[in-house]
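Remarks on the structure that follows.
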Amino acid sequence: MPGFELWSDKERKEVNDVLETGILMRYGFDGPRKGIWKSKELEEAICKTFGSNYAQLTSSGTAALTTAMSALGIGYGDEVITPAFTFVASFEAILSIGAIPVLVDVDDTLTLAPDAVRKAITSKTKAVMPVHMCGGMADMDALIAICKEHNLLLLEDACQSIGGSYKGKSLGTIGAAGTFSFDFVKTMTCGEGGVVMMNDKELYEKCDGYTDHGHDHKGGADRGADLHPFIGYNYRISELHAAVGLAQIKRLDEFLAIQKKNHALLKNILATVPEISFRRIPDPAGDSCSFVSWFLPTETITKAVVTEMKAQGILPGNFYWYDNNWHYIRKWDHLKQGTTLNALSETLKAAIIKHANKDFAASDAVMCRCISTAISLLWTEEQLKEKGDMMVKVVKKVLSEQSASL
Ligand SMILES: Cc1ncc(COP(=O)(O)O)c(C=O)c1O
C-alpha cells in the first residue's frame, strides 16, 4: 500500500536539504533558510497534482479535518453526518471543535449510504462528511444532491484515498474542502502530516491562520508583526516532514501504477471463486486501489475464512473490520460510553452516547462479510500469485466444509 515501502535516496536528499540549513520550521528565518521552503513547495505540488486552488499542510490528517471544520464555521451544537465505518479520527475531529458526530450506515460501497444521510438530517445538521475509505470513494453525485437540497456543507475525509478520483476530479477536491493524511501508512507519506485542499481563497486564509495560532502571515519576515484576526492553534507541519512528502509526491504516479497493477492481479485471482463478490466502486476508474475489499456470502463463512487465514499465517495485511477496534462502530465503546478525559457538555455527551442504541443492522450486514486486503508495492508477480492462490484455497476449503456440514 504505502509510499514508505519504496523509501529511497530521493526522500533522503529532500530531508538533507533541510538538515543542511538547520531551519526545521516552515515560517520565518528567511535568511538562514537559504531559499529552502519545503512546506510551501509541497503545497504548490499538491495544488498542481490534485487540482485544487489552495492547499494548507497540517501536522496530521486529524488536524486537517479539525482545521477544515473550524474554517468552514462548523462548531458548537452543529451536527456533522459521517459514516459508522471510518477511522476514529473522523469523529475525534468533529468532537474537537465541539460539534456533534452523527454516525450513520454505510452500504456496499463501504462509504456513506445516501439514504441513511437523508434520514439523519435535522435542523442542527451543518455538514455531511463522507469518508472515502480504503482507496475507493463515496457516491458523490448522490451526496452533492443531498447537500444542495438541504443547504449543507460537504467536507471530504479523503485521508485514505490519495490518488483516487471521482468522474475525473481528485478525491478531496470535490466538496467545499477535503483532507488527506500523510501519516506513515498512507499511499504517500510525510511520516506524519496532512493537508486541507480547497478552492476558496477566504477559506484558505482561515486554514492558514488557524494552523499557526491565528497568525495572518502578513507581517513579512517579522512573525511578531503578524496580526491575529482570530484564535488559532498549532497544527503546523515541520520542514522535515514536508521534505519527505515532497519527495513522495514526485513519485506518486509510480506508486499508484504499481498499486493498480497489483490490485488488478489479486482481484482477478479472487474473482475465480464465484462465491466472492467485491465492493461497489461508484467510479471504478477512480479507485486508488490501495485495498481489494471483498465479500463472502455469510458472516459465518467470513469468520471461518478469517480464522483459517490466521491459522495458515496469511492473515497479516487482511483486515476484518467488523472485529477491528479502530474502524467500525461495533467496537467503539469509548465513543458509545462517552468516555473522555475532559468534561463534555451534557448535550454533546448525550448525543454521542445515543450511538450505543442506534441500529446499524444495514452496516453490520455489509461489514460482517467484508475482508479488505492491503496492496503492497513490494510484491513480485510470483509472490502475488502465491498469496492469491493461498487465499483462494482457504476460501474453497471453508466453503466445502460449510456445505458438508449443512
Ligand atoms: C479515514 C481517516 N481519517 C482521518 C485519519 C487521520 O489521519 P492522521 O493519522 O494523519 O491523523 C485517518 C488516518 O488513518 C483515516 O484513515
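Read the numbers this way: they start at 1 and go in the same order the structure lists the ligands and their atoms. Hydrogens, waters and symmetry mates play no part in the numbers below; they use all other heavy atoms, side chains included.
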Can you figure out which of G193, A89, C190 has its heavy atom closest to atom 5 (C) of ligand 1? A89
Show which atoms of ligand 1 fall inside a sub-4.0 Å distance from at least one heavy-atom site of C159. 2 (C), 3 (N), 4 (C), 5 (C), 12 (C), 15 (C)
Which atoms of ligand 1 are found less than 4.0 Å from any heavy atom of D183? 8 (P), 9 (O), 10 (O), 13 (C), 14 (O)
When you measure from the side chain of S363 to the backbone of V106, do you find a donor-acceptor pair of N or O atoms at a distance under 3.5 Å? yes
Show me which atoms of ligand 1 lie under 4.0 Å from any heavy atom of S181. 7 (O), 8 (P), 9 (O), 10 (O)
Looking only at protein heavy atoms, identify the closest one to atom 15 (C) of ligand 1 and say how far it is in Å. F87 CB, 3.5 Å
Main chain of I269, side chain of T272: is a donor-acceptor contact present, judged purely on distance under 3.5 Å? yes
Nitrogen or oxygen atoms of T86 and ligand 1 under 3.5 Å apart: no
Can you confirm if the NZ or CZ of K186 lies within 45° of the ring axis of F180 and under 6.0 Å from the centre of its six-membered ring? no
Could you check whether any side-chain N or O of R12 sits under 3.5 Å from a backbone N or O of W7, counting only pairs where one atom can act as donor and the other as acceptor? no
So for atom CZ, which belongs to F230, do other residues, nucleotides or ligands contribute more than 12 heavy atoms lying within a distance under 6.0 Å? yes
Which protein heavy atom lies closest to atom 11 (O) of ligand 1, and at what distance to 0.1 Å? T62 OG1, 2.5 Å
Below 3.5 angstrom, do we get any N/O pair linking G61 and ligand 1? yes
Which of the ligand 1 atoms, numbered from 1, are nearer than 4.0 Å to a heavy atom of S60: 10 (O), 11 (O)
Charged N-O contact under 4.0 Å between K385 and D389: yes
Would you say the side-chain atoms of S161 pair up with the backbone N or O of H132, donor to acceptor, closer than 3.5 Å? yes
Looking at K186, which atoms of ligand 1 are within less than 4.0 Å of one of its heavy atoms? 13 (C), 14 (O)
Looking only at protein heavy atoms, which one is nearest to atom 3 (N) of ligand 1, and what is the separation? D157 OD2, 2.8 Å
Show me the pairs that pass salt bridge (Lys or Arg N to Asp or Glu O under 4.0 Å) and involve residues 161-175, at least two apart or across chains. D141-K167
Heavy-atom pairs closer than 4.0 Å: do any link ligand 1 to the side chain of V131, the backbone, both, or neither? side chain
